[in-house]
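Worksheet: the structure to be examined is printed underneath.
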Amino acid sequence: AQSVAQPEDQVNVAEGNPLTVKCTYSVSGNPYLFWYVQYPNRGLQFLLKYITGDNLVKGSYGFEAEFNKSQTSFHLKKPSALVSDSALYFCAVIGSSNTGKLIFGQGTTLQVKP
Amino acid sequence: SAVISQKPSRDICQRGTSLTIQCQVDSQVTMMFWYRQQPGQSLTLIATANQGSEATYESGFVIDKFPISRPNLTFSTLTVSNMSPEDSSIYLCSVVSTGVLETQYFGPGTRLLVL
């Protein structure tokens, strides 16, 4: 079965420090991976995706993610965190390339402290 | 990306009643989905809304409880029927503009509280 795991419920970093939010996946076939962010009382906003090509994917708001096939990971990163980055982050994978349905991880709360 | 709106944005309902949530997109899209996000939880897919035909429901979700319509390529509704407090959640619609591997964009969500 297709699945996504985000092993950390919460990540705490100081403003200006690099941040990493972890994601691992389990799929049959090619993985199609996404990161979304949810701010309080808001819907989900798309950050970036990996479909094919370069393993390092750059997205919105200075975020990037590295696809690692051997480790089945797609960790979200940012070189310098901002307090405004504090939000709930979801990793997702397309469960079936024929249907486009997304399977989400459980989410990781990122807290950036001044 | 498509601009997606949902109505209502939030509601408080009594148990046993039904609520219909609307999802409107500013352009034609190929796929529309409905998700549920229970308090403190991740998103779970309820169903794929199919234009002009019955929705495709995920395991654990049934048409009698969550009837869905999609009369055209820009609009869909989700009804939460015979509500109970356990239905208190955020309901989100999402769309894909072209192919199945394209980015899925989400509406702002409808926050439902059932008393």
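Letters A, B, ... mirror the listed sequences (proteins, then strands); counts begin at 1.
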Let me check something: any side-chain donor-acceptor pairs from residues 38-55 of chain B under 3.5 Å, sequence neighbours excluded? List them with distances.
residue	atom	partner	partner atom	Å
Ser42(B)	OG	Gly105(A)	O	2.5
Asn50(B)	ND2	Glu54(B)	O	2.9
Asn50(B)	ND2	Thr56(B)	OG1	2.9

Is there a side-chain contact between Ile4(B) and Tyr105(B) in this structure, where contact means two heavy atoms from C-beta onward sitting under 4.5 Å apart?
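Yes, their side chains come closer than 4.5 Å.
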Heavy atoms from other residues, nucleotides or ligands near NZ of Lys22(A) exceed 12 (cutoff 6.0 Å):
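Not more than 12 within 6.0 Å, no.
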Just checking heavy atoms, which of residues 107-114 of chain A are less than 4.5 Å from chain B?
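Contacts with chain B: none.
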If we define contacts as heavy-atom pairs under 4.5 Å, which of Gln104(B), Gln37(B), Gln6(B) has the most with chain A?
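Between Gln104(B), Gln37(B), Gln6(B), the count favours Gln104(B).
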Considering only distance and modelled atom types, tabulate donor-acceptor pairs under 3.5 Å from the side chains of residues 11-22 of chain B, sequence neighbours left out.
residue	atom	partner	partner atom	Å
Thr17(B)	OG1	Gln14(B)	O	2.6
Ser18(B)	OG	Asn82(B)	N	3.3
Thr20(B)	OG1	Thr79(B)	OG1	2.8

Considering only distance and modelled atom types, tabulate donor-acceptor pairs under 3.5 Å from the side chains of residues 50-64 of chain A, sequence neighbours left out.
residue	atom	partner	partner atom	Å
Lys58(A)	NZ	Glu64(A)	OE1	2.9
Tyr61(A)	OH	Gln45(A)	OE1	3.1

Parallel, tilted or perpendicular, as decided by the 30° and 60° cut-offs, for the rings of Phe106(B) and Tyr36(A):
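Correct class here is perpendicular.
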